[in-house]
Amino acid sequence: MSSRVEALLAQMTLEEKVAQMVQIPYAQMGRKEALAWARRGAGSFLHVLGDDAREVQQAALHTRLGIPVLFGIDAVRGHALNDHATIFPSPLACACGWDPALTREMGRVTAREVSADGLHWTFAPLLCLSRDTRWGRVDETFGEDPFLTGELAAAMIEGLQGDDLAAPESIAACAKHYLAYGEATGARDAYDSSVTCRKVREVFLPPFKRAVEAGCATFMTAYGAVDGTPLTADGHMLRDILRDELGFDGFVVTDWANVTSLVTRQHVAADAEEASLLAAQAGNDMMMNSPEFYECALRLVREGRLSEAVIDGAVRHILGVKERMGLFERPEKPENPGCIGCEAHQQAALDAARRSVTLLKNDGVLPLSGVRRLAVIGGNADDIRAQYGDWTYFTHPTPSAKHPPVRPYTTIREGLEALARERSVACNYAYGCGPLPSERDDLDAAVSLAREADAIVLVVGDEIRQFGEGKDRADLALSGRQAALFDRLRALGIPLVTVLLASKPLALERVAEASDALLAAFNGGAHGGQAVAEVLFGEVNPSGRLPISFPRHSGQVPVYYNQLPGWHDGQYCDLPATPLFAFGEGLSYTAFAYDSLTFDARTLTASVRVANTGSRAGRETVQVYFRDEVSSVLTPVKTLIAFAQVELAPGEAREVVFHLRREAFSLVNREERRVVEPGSFVLMAGHSSRDEDLLSVRFTLEG
């Protein structure tokens with residue numbers, strides 16, 4: 001640690017040190033109490049913007065030691081809590097791009113806009129895995145796969161933090177939620193994840209290891225527990241694994257009121273003092289929204305129950321990050337209001353939205369052509385709140401149904417109307433129904449309007465009351481009267497395109513089978529509507545690939561692609577074995593063919609030839625998987641270990657080469673060690689995780 005940090009630590013009183021470990025929620029505390037905490041020396045504040053942040057910082061700078069405050073905010077998909085900022089697609093939607101460069105640019109734009117608002121730190125990216133889609137926070141993830149999640153998260157961290165964390169347009173990233181949070185039993189948010197340490201190391205730890213390698217400045221502990229031990233109280237996970245084994249050298253912050261929850265929800269501590277003791281000793285450095293920690297920690301140290309060395313270690317981590325960020329020289333970010341929501345940033349969000357649109361079915365109706373009258377149906381077709389989804393100014397820090405939408409944005413209805421006008425196509429809209437019943441529901445009017453059309457675009461999905469933190473779903477079927485509306489429109493016999501605008505995969509097997517075309521748009525951000533319209537009219541050739549599998553029925557979950565073998569009969573007796581749509585799947589307006597897969601086991605080099613056999617230029621995502629044929633523990637039927645994108649003109653072919661690492665073929669054995677066991681393996685490469693989309697070759701690795 002630097003001499004500056006050590007010198008500062010030596011000057012600090014116990015009160016000043018413990019105050020650095022407290023993070024204060026400004027909106028909940030109010031101005032007067034927040035300023036009192038700043039004068040006491042609180043280390044961080046969250047969800048405070050503009051002049052309020054500057055006032056708090058000035059109060060901190062005028063304390064005895066003048067240690068600057070670190071301001072944090074949930075900039076999950078752009079600086080979207082600011083209603084004039086650039087709002088990107090959700091992380092799940094962005095993950096459909098399978099493109100680290102795209103995700104890195106999202107991080108760069110986010111950092112520029114957050115720093116322009118005077119803030120230093122975002123609680124992103126989220127590295128949890130969405131292996132049970134009933135979970136309410138699926139939209140915040142990069143999908144179901146550890147490798148893809150790790151690569152996209154690392155790119156996001158690099159974008160947020162830049163080449164120099166102290167640069168004016170860089171902000172600190174936060175890898176969350178450590179660990180296995182998304183695997184909670186029954187997809188119940190913040191509940192216990194009944195997984196072993198071996199499973200943690202095999203599946204859930206690798207993305208966080210990748211975050212450490214990317215230099216992530218902070219980590220956040222999860223709400224939940226692993227095998228009955230709350231992460232906030234798990235010294236093995238926080239100290240032994242994260243710090244000693246992975247080498248993390250930043251600071252760890254708890255999630256919202258995690259210390260308090262050890263008493264009030266999880267009942268592993270009798271009172272606030274015991275909870276504070278558990279949290280500090282486990283290795284949490286900063287306590288988010290548990291202000292009682294301050295007085296408790298002081299008493300614990302004075303009574304000899306908590307070593308001051310533990311406090312010193314935590315404060316050393318916090319001050320170290322503040323030094324890396326250059327806060328001692330420049331505690332306030334330079335104002336740059338013209339950066340927020342600027343044209344270049346909006347273009348980046350549009351590019352991300354275009355890449356997120358994933359075509360899942362097309363019986364030849366798309367792209368739309370020869371259509372003179374188009375009917376656009378569905379509440380989600382013209383609802384910017386549904387299109388945005390979670391973590392925007394509509395939903396946080398305090399949900400606001402009355403906050404007016406702020407332009408620029410384009411709903412699907414608006415996007416289709418704009419392109420229809422350019423083509424002299426009559427485009428008419430009817431609400432029909434939304435995801436939840438309302439007085440606006442009018443199926444008769446929607447059917448009447450659609451009856452006169454040459455083609456119908458029906459937009460279905462969910463809305464913010466059906467997902468987010470603490471809003472897990474037991475039933476993934478289309479809600480409200482959406483299924484009934486679909487049936488009535490389908491009965492018209494008119495070409496029907498269904499667009500899923502939702503936070504997650506829903507169970508819509510019958511809709512998928514009966515639609516002439518199906519698109520997954522997820523939450524596309526400000527320009528999601530324009531992106532969908534451009535794909536439907538053929539201005540953009542869709543290139544999205546699913547980062548997550550779709551179940552056929554709620555009872556089929558989980559359906560993630562990298563299942564373990566051994567299930568007796570391999571399927572439910574009343575459902576097919578396969579998901580409705582598989583990880584990696586996605587169509588284009590052209591076609592791709594694969595051949596000539598080779599693998600050199602000495603150099604670990606794979607190559608495959610990909611050809612564009614269609615009539616239009618397109619982007620293909622080449623995916624590489626492997627299977628260990630015989631292993632000492634159960635290993636997945638296939639595991640993603642590499643991917644690359646290639647743009648091909650019609651008729652063009654290219655050899656795509658992958659230089660793999662030996663560790664890619666490893667497993668975690670019963671002793672919880674990651675090893676490569678010698679023996680026979682299968683390498684697969686192709687268009688998606690489905691067996692029929694993959695070429696394969698067998699090879700042997702020696703010990």
Side-chain angles (χ1 to χ4, degrees), residues 1 5-6 8-25 28-29 33 36-46 60 63-65 67 69-70 178 218-223 225 228-240 242-244 248 250-322:
M1 192 57 64
V5 169
E6 292 302 327
L8 190 57
L9 193 60
Q11 299 176 60
M12 297 175 75
T13 66
L14 177 62
E15 289 81 1
E16 288 168 331
K17 287 187 282 192
V18 173
Q20 281 293 306
M21 299 176 68
V22 178
Q23 184 181 64
I24 300 299
Q28 281 69 29
M29 288 290 183
E33 192 170 355
W37 273 104
R39 297 184 186 103
R40 189 177 291 163
S44 177
F45 286 74
L46 70 160
T63 58
R64 186 177 75 90
L65 295 175
I67 299 174
V69 161
L70 182 64
Y178 185 82
T218 70
F219 267 55
M220 180 185 289
T221 50
Y223 284 125
T229 300
L231 268 302
T232 313
D234 197 331
H236 177 58
M237 293 293 184
L238 292 176
R239 293 190 182 277
D240 299 345
L242 180 58
R243 290 206 181 272
D244 297 345
F248 175 64
F251 75 77
V252 174
V253 62
T254 73
D255 207 338
W256 184 272
N258 271 15
V259 178
T260 308
S261 293
L262 294 175
V263 180
T264 60
R265 292 187 179 211
Q266 295 169 317
H267 308 296
V268 298
D271 52 35
E273 283 193 10
E274 186 180 358
S276 298
L277 179 64
L278 287 172
Q281 289 182 330
N284 299 277
D285 302 311
M286 184 177 284
M287 316 301 166
M288 180 191 289
N289 192 31
S290 292
E292 67 273 18
F293 174 84
Y294 178 78
E295 295 292 347
C296 290
L298 292 177
R299 283 195 297 272
L300 288 166
V301 173
R302 288 166 181 159
E303 294 171 3
R305 297 163 59 197
L306 175 62
S307 169
E308 190 166 352
V310 173
I311 302 295
D312 288 348
V315 177
R316 191 174 282 116
H317 295 147
I318 294 167
L319 296 180
V321 170
K322 289 185 176 183

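Values below: every heavy atom of this structure, side chains too, minus hydrogens, waters and symmetry copies.
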So, for [X] and [Y], which heavy atoms are closest and what is the spacing to 0.1 Å?
X      : Y      : result
Ala60  : Val69  : CB-CG2, 3.5 Å
His267 : Val263 : ND1-O, 3.1 Å
Glu16  : Leu65  : OE1-CD1, 3.6 Å
Trp256 : Gln28  : CH2-OE1, 3.4 Å
Val315 : Lys17  : CG2-O, 3.2 Å
Ala269 : Ala275 : CB-N, 3.6 Å

Please report whether the ring centroid of Trp37 lies less than 6.0 Å from that of Tyr294.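 They qualify: ring centres under 6.0 Å apart.
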Do [X] and [Y] make a side-chain contact, defined as non-hydrogen atoms from C-beta onward lying under 4.5 Å apart?
X      : Y      : answer
Met12  : Gln20  : yes
Leu14  : Arg302 : yes
Thr232 : Ser261 : no

Val301 vs Ile311, side-chain contact (heavy atoms from CB on, under 4.5 Å): CA-CA, chis, key distance, verdict: CA-CA 9 Å; Val301 173; Ile311 302 295; 4.0 Å; yes
Can you tell me if Arg265 has over 12 outside heavy atoms packed within less than 6.0 Å of its CZ?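 Count not over threshold, so no.
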Flag, side chain of [X] to backbone of [Y], donor-acceptor distance under 3.5 Å:
X      : Y      : value
Asp234 : His236 : yes
Gln266 : Tyr223 : yes
Asn284 : Ala279 : yes
Ser290 : Phe293 : no

Between atom [atom1] of [X] and atom [atom2] of [Y], what is the distance when rounded to the nearest 0.5 Å?
X      : Y      : atom1 : atom2 : result
Thr260 : Met287 : OG1   : CE    : 11.0 Å
Phe248 : His317 : CZ    : NE2   : 8.5 Å
Asn258 : Leu278 : CG    : CG    : 12.5 Å
Met21  : Phe251 : CE    : CZ    : 11.0 Å
Cys296 : Leu306 : SG    : CG    : 11.0 Å
Arg243 : Met237 : CZ    : CE    : 16.0 Å

Does [X] come within less than 4.0 Å of [Y], counting only side-chain N to carboxylate O?
X      : Y      : answer
Arg305 : Glu273 : yes
Arg316 : Glu6   : yes
Asp244 : Arg239 : no
Asp285 : Lys322 : no

Would you call the rings of Tyr178 and Phe219 parallel, tilted or perpendicular if under 30° counts as parallel and over 60° as perpendicular?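 Geometry flag for Phe219 against Tyr178: perpendicular rings.
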Is it the case that the side chains of Ser276 and Glu292 hold a donor-acceptor pair, with the cut-off being a distance below 3.5 Å and no angle test?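 Short answer, no.
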Any side-chain donor paired with an acceptor under 3.5 Å for Thr254 and Thr221?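 No pair is found: no donor N or O on one side chain lies under 3.5 Å from an acceptor on the other.
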Verdict with reasoning, Val22 to Met288, per side-chain contact (heavy atoms from CB on, under 4.5 Å): CA-CA 7 Å; Val22 178; Met288 180 191 289; over 6 Å; no
Candidate pair Arg40 and Thr63, rule side-chain contact (heavy atoms from CB on, under 4.5 Å), full reasoning: CA-CA 8 Å; Arg40 189 177 291 163; Thr63 58; over 6 Å; no
Apply side-chain contact (heavy atoms from CB on, under 4.5 Å) to Glu308 and Leu300, showing your working. CA-CA 9 Å; Glu308 190 166 352; Leu300 288 166; over 6 Å; no
